[in-house]
Amino acid sequence: MIRYPGVTTKLVILLGNPLGHSISPPMHNRVFEKLGMDYCYMPVEVTGKNLQKVFSGLSKMNVAGFNVTVPHKIDIIESLDELDPLAATIGAVNTIIVKNGKTKGYNTDGEGFIRSFEEETHDTVKGKRFFLLGCGGAARAIAMTLAFHGAEKIYIYNRTPAKAVRLAEEINKKIRSCTKVVGQSLENQRTAIAGCDVLINSTSIGMHPRADELPIDNSLISPDLIVADIVYNPLMTKLLRTAKDKGCTIVPGLGMLIYQGAAAFKLFTGTDPLIEEMSEAAHSLMASKQ
Ligand code: ATR
């Protein structure tokens with residue numbers, strides 16, 4: 001059913017570019033409809049050049065909040081009135097609420113990962129040792145949030161080592177000294193991973209259309225590891241299939257997307273969303289793309 005927003009409808013706006021692939025609008029709109037809430041979630045594609053003007057104009061409308069995605073998660077910060085401490089530490093914002101004309105930025109990406117991890121493993125991240133592959137925007141939010149939530153150790157491995165060094169130093173300085181950069185050799189990786197409970201792939205390796213690629217040497221995946229992937233297209237990446245075949249507990253990437261959306265939904269509305277509805281919308285959309 002297509003529902004058109006009325007005068008009293010609260011808007012939630014997704015800012016990014018491009019947005020054609022985003023499953024956030026149907027995910028949120030489905031829950032608004034199920035809960036009978038007069039909200040409408042709309043994607044607005046905007047280029048960097050127009051970001052500030054568009055954001056400033058839209059914030060003056062009947063807007064409950066915004067989601068922000070690639071490539072604006074960092075640049076939007078200068079337009080905000082307030083910043084949540086975790087978002088300030090991460091240095092990127094994916095959710096903004098508008099209250100009494102004031103805007104406040106949050107980052108729910110890392111929290112989305114953690115909730116997905118906890119749902120799939122029935123365990124917590126506190127005290128665990130993580131081997132993180134990659135250190136782009138997503139990795140940054142995940143690593144900072146893990147450190148914030150008491151991860152014991154985060155080993156960071158990246159194709160470009162200088163970026164791993166920068167991220168590790170930043171976490172040690174801003175949150176707590178809990179990171180270590182992993183050297184490039186297979187043996188360095190083997191030694192680090194042997195002391196870890198969880199492997200997280202936060203690189204784009206394994207993403208459609210290069211779905212036959214593994215982000216790490218097969219011999220490093222041992223059955224006692226929990227293996228998480230942030231790639232969700234395909235839903236079962238080669239890494240997750242390989243890990244599952246070896247007997248590992250796995251954490252698929254779509255969960256992070258669903259739970260970062262759930263955390264944003266709560267911020268926009270003050271109401272907990274229906275996770276099953278969000279999940280069903282996300283899965284059916286992904287299934288139509290496979
Ligand atoms: P996002 O914001 O989605 O996290 P990103 O900022 O482009 O995306 O980061 C992608 C990550 O995947 C980076 O860590 C990147 O490594 P580099 O820092 O060396 O660029 C990693 N990555 C992407 N493709 C890769 C490949 N083919 N091999 C190894 N690492 C790769």
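Whatever order the structure lists ligands and atoms in, that order sets their numbers, starting from 1.
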Checklist line | K173 and E170 ion-paired at < 4.0 Å | finding: no
Check: Under 3.5 Å, is there a donor-acceptor pair linking the side chains of N94 and Q260?
Finding: yes
Note to self: Using a 3.5 Å distance criterion without hydrogens, assess whether the side chain of N107 forms a donor-acceptor pair with backbone atoms of A92.
What the structure shows: yes
Notebook entry, point to check: What do you think, any protein heavy atom under 4.0 angstrom from atom 16 (O) of ligand 1?
Noted result: yes
Margin query: Checking a contact table here: which protein heavy atom is nearest atom 19 (O) of ligand 1, and how many Å away?
Written below: T160 OG1, 2.5 Å
Note to self: Using a 4.0 Å cutoff against the non-hydrogen atoms of G134, which atoms of ligand 1 qualify?
What the structure shows: 14 (O)
Margin query: Return the closest protein heavy atom for atom 26 (C) of ligand 1 as residue, atom name and distance.
Written below: R159 NH1, 3.2 Å
Check: For atom 9 (O) of ligand 1, which candidate among G137, A164, G136 holds the nearest heavy atom?
Finding: G136
Next item on the list: Inspect the surroundings of CD1 in I74 and state if more than 12 heavy atoms from other residues, nucleotides or ligands are less than 6.0 Å away.
Entry: no
Next item on the list: Give a yes or no on whether K34 atom NZ has more than 12 heavy-atom contacts from other residues, nucleotides or ligands under 6.0 Å away.
Entry: no
Next item on the list: For the pair K60 (side chain) and S56 (backbone), establish whether a donor and an acceptor sit closer than 3.5 Å, ignoring hydrogens and angles.
Entry: yes
Item checked: Under 4.0 Å to a heavy atom of C135 - the qualifying atoms of ligand 1, by number -> 14 (O)
Check: So do C135 and Y157 actually touch side chain to side chain, heavy atoms under 4.5 Å?
Finding: no
Check: What is the closest protein heavy atom to atom 3 (O) of ligand 1, and at what distance does it sit?
Finding: A138 CB, 4.5 Å
Item checked: Where ligand 1 meets T203 - atom numbers and elements under 4.0 angstrom, heavy-atom basis -> 12 (O), 21 (C), 22 (N)
Margin query: Just to be sure I'm reading this right: ignoring hydrogens, which of I205, V231, N158, L167 gets closest to atom 29 (C) of ligand 1? Compare them by their nearest heavy atoms.
Written below: I205
Checklist line | Ligand-residue contact atoms, ligand 1 with K163, heavy atoms, under 4.0 Å | finding: 17 (P), 18 (O), 20 (O)
Notebook entry, point to check: Is a donor on one side and an acceptor on the other found under 3.5 Å between the side chain of K153 and the backbone of K180?
Noted result: no
Next item on the list: Could you list the atoms of ligand 1 found under 4.0 angstrom from a heavy atom of S204?
Entry: 12 (O), 23 (C), 24 (N)
